[in-house]
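Down below is the structure, laid out as structure tokens.
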Protein chains: 2
Amino acid sequence: MTQLEPGAVADSTAVETKLGRKRDHTRDPEILAAALEVLAETGFDGMTIDMVATRAKAGKATLYRRWPSKNELVIDAVACMKLGDLDQARLPDTGTLRGDLVAMIKPRSIEDAEKKMQIMAGLMSMLSATPEMAHAANNAIVKPRAEANRFLMQRAVDRGEISPACDIDTLCLVTPSMAAYRTLIERKPVDRDFLITLIDGVLLPALGLRGDADPAGRGKVAPPAS
Amino acid sequence: MTQLEPGAVADSTAVETKLGRKRDHTRDPEILAAALEVLAETGFDGMTIDMVATRAKAGKATLYRRWPSKNELVIDAVACMKLGDLDQARLPDTGTLRGDLVAMIKPRSIEDAEKKMQIMAGLMSMLSATPEMAHAANNAIVKPRAEANRFLMQRAVDRGEISPACDIDTLCLVTPSMAAYRTLIERKPVDRDFLITLIDGVLLPALGLRGDADPAGRGKVAPPAS
DNA sequence: AAGATCCGGAACTCCACAGTATCGTATAGA
DNA sequence: TCTATACGATACTGTGGAGTTCCGGATCTT
């Protein structure tokens with residue numbers, strides 16, 4: 001094809017080829033992205049190589065030139081998954097733990113997590129058979145979120161907002177676990193209300209803070225932005 | 001075959017047949033049990049009708065005489081799944097919430113839950129495509145456990161051990177959710193230590209009780225205003 | 001322009017499994 | 001013993017998808 005849709009992915013086809021022998025497979029990103037999409041929509045078993053190829057506007061042969069099997073392709077796709085904006089440097093810092101936790105609830109973030117959960121659902125059948133897949137999936141999908149929570153909670157400990165005796169290692173998994181459960185099994189939406197309920201009904205009480213009221217004297221409760 | 005293994009399932013084949021036209025499919029229980037076993041071991045997509053038939057020492061035709069398709073068989077198997085010993089009448093009553101929660105941790109119960117989780121993992125790929133399956137699975141596998149937790153917590157509220165302001169509806173889902181996450185995604189064992197950690201590190205603190213000690217003052221938790 | 005390289009598309013093979021059909025046999029009732 | 005019924009085993013068919021091969025065309029190199 002001579003031209004690409006302008007909207008989708010930027011034309012990266014004819015970039016590196018001038019380096020003579022350097023011809024790596026420049027279509028990899030599109031293909032991996034397509035694989036993730038199909039994975040989220042149909043699950044691993046429902047997904048066919050043709051679907052991925054078609055979605056990526058690639059030939060099936062191209063996929064097999066790069067990955068030896070469907071399994072490898074999916075593992076690669078999950079491993080190369082972009083992680084979203086969960087870098088510790090970019091996490092909110094509102095002065096209170098509740099403020100931070102609430103500030104992490106953004107439409108963008110929710111949507112991102114939802115898509116990841118769909119992917120996770122599609123991978124479930126594969127997890128028990130392929131341990132490396134289980135590992136890759138956990139690392140790419142849920143661990144980052146748990147780590148972000150742990151960071152926020154640890155900072156709250158450091159500033160004296162919550163007690164160091166709190167079981168942060170366990171508590172930072174509450175939100176990811178219950179969100180996963182809600183999406184994968186209950187099939188209910190993980191929306192803002194649900195997350196607020198988790199924060200005020202589980203996390204903060206467990207940390208010795210009251211739900212949506214300002215605890216001791218520490219000010220700065222971020223207004224739940226409506 | 002003339003004889004059956006004595007150990008396995010009691011010979012229920014030649015029981016009802018004397019009722020003339022009453023010949024219902026007396027092998028159903030064995031077949032459904034076999035289906036659940038295979039489901040737990042290989043997942044829905046890896047499971048074949050032959051596996052189930054072989055496991056149940058039945059012919060493939062027998063399965064198709066009873067269920068029109070693989071889908072229906074699995075749905076039936078999950079729906080008919082025995083629920084374990086979670087009847088409210090038989091729940092522990094030790095006098096304290098912590099005592100009750102800890103008393104629910106029994107090897108039998110853990111093992112049972114683990115098997116259910118394996119089945120749930122095998123069903124995941126089916127859930128999005130078959131809503132009735134999602135519903136059946138949730139009802140049969142996790143809801144009973146959440147309901148048991150809710151019952152124990154509500155009793156604790158009634159006896160004044162914890163505040164009525166606590167978000168029991170959410171908290172009764174903490175254990176099932178985090179156990180599911182740990183089994184399905186982290187692939188770690190849900191053992192006694194983990195469950196105790198949940199009770200003392202999340203549930204009781206969130207309910208205003210201290211982890212492993214009895215809160216002398218039993219301070220009423222201030223209701224989340226507004 | 002000529003040659004080389006890579007890609008998209010499509011046709012092909014092979015195999016596993018869903019679902020069907022057939023047959024021999026065990027059991028129950030007469 | 002004779003008949004009927006349900007079952008187990010097995011052979012068979014059809015289909016869908018993994019993986020392979022081939023070809024025409026596009027792009028870059030020389």
Side-chain angles (χ1 to χ4, degrees), chain A residues 1-5 8-9 11-31 34-35 38-39 42-75 125-126 129-130, chain B residues 1-5 8-9 11-31 34-35 38-39 42-75 125-126 129-130:
Chain A
M1 301 311 170
T2 318
Q3 87 293 359
L4 304 175
E5 282 88 5
V9 186
D11 181 353
S12 63
T13 310
V15 175
E16 299 291 338
T17 339
K18 59 179 58 171
L19 297 183
R21 245 30 205 338
K22 179 65 185 312
R23 47 171 163 76
D24 7 8
H25 313 258
T26 58
R27 296 293 316 277
D28 279 14
E30 290 93 324
I31 295 173
V38 178
L39 192 59
T42 70
F44 178 78
D45 304 278
M47 154 182 165
T48 72
I49 296 292
D50 290 272
M51 289 183 197
V52 179
T54 303
R55 182 78 58 113
K57 296 198 207 311
K60 203 161 47 152
T62 304
L63 302 205
Y64 280 104
R65 279 179 201 121
R66 177 71 179 81
W67 294 275
S69 74
K70 178 182 169 185
N71 263 6
E72 314 276 339
L73 167 64
V74 172
I75 291 177
S125 65
M126 215 185 160
T130 314
Chain B
M1 304 312 172
T2 318
Q3 86 293 0
L4 304 176
E5 282 88 5
V9 186
D11 181 352
S12 62
T13 310
V15 175
E16 299 291 339
T17 339
K18 59 179 58 172
L19 297 183
R21 250 7 185 13
K22 177 65 185 313
R23 49 179 159 73
D24 10 6
H25 313 259
T26 59
R27 296 294 315 276
D28 279 15
E30 290 94 323
I31 294 173
V38 178
L39 192 59
T42 70
F44 178 77
D45 303 279
M47 153 182 166
T48 71
I49 295 292
D50 290 271
M51 289 184 197
V52 179
T54 303
R55 183 77 59 111
K57 295 197 207 314
K60 205 162 45 152
T62 303
L63 303 204
Y64 280 104
R65 279 179 201 120
R66 177 70 178 82
W67 294 274
S69 76
K70 179 183 169 184
N71 262 7
E72 315 275 338
L73 168 64
V74 172
I75 291 178
S125 64
M126 216 185 158
T130 315

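Here is how names work: the chains are called A, B, and so on, in the same order as the sequence lines, proteins then strands, and each is numbered from 1.
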Worked check of side chain to side chain donor-acceptor pair (under 3.5 Å) between Ser125(A) and Asp45(A): CA-CA 8 Å; Ser125(A) 65; Asp45(A) 304 278; 2.6 Å; yes
Euclidean distance, atom CG of residue Leu73(A) to atom P of dA18(D) [Å, nearest integer]: 11 Å
Arg65(A)/Thr62(A) under side chain to side chain contact (heavy atoms under 4.5 Å, CB included): CA gap, chis, key distance, verdict: CA-CA 5 Å; Arg65(A) 279 179 201 121; Thr62(A) 304; 3.3 Å; yes
Stepwise side chain to side chain contact (heavy atoms under 4.5 Å, CB included) test for Phe44(B) and Asn71(B): CA-CA 9 Å; Phe44(B) 178 77; Asn71(B) 262 7; 3.0 Å; yes
Candidate pair Leu73(A) and Tyr64(A), rule side chain to side chain contact (heavy atoms under 4.5 Å, CB included), full reasoning: CA-CA 9 Å; Leu73(A) 167 64; Tyr64(A) 280 104; over 6 Å; no
Side-chain donor/acceptor of Lys57(A) to backbone N/O of Glu30(A), under 3.5 Å: no
Between dA10(C) (P) and Leu63(A) (CG): distance, integer Å: 15 Å
Distance, rounded to the nearest Å, where Arg65(B) contributes CZ and dT5(D) contributes C1': 10 Å
Presence of Thr62(B) side-chain N/O under 4.0 Å of dC7(D) phosphate oxygens OP1/OP2: no
Met126(A)/Ile75(A) under side chain to side chain contact (heavy atoms under 4.5 Å, CB included): CA gap, chis, key distance, verdict: CA-CA 10 Å; Met126(A) 215 185 160; Ile75(A) 291 177; 4.2 Å; yes
Reading 5' to 3' through nucleotides 14-21 of chain C, protein heavy-atom contacts under 4.0 Å coded B for base, S for sugar-phosphate only, - for none: ---SSBBB
Rounded interatomic separation in angstrom, taking CD1 from Ile31(B) and P from dC7(D): 8 Å
For atom CZ of Arg27(A) and atom P of dT27(D), their distance in whole Å: 14 Å
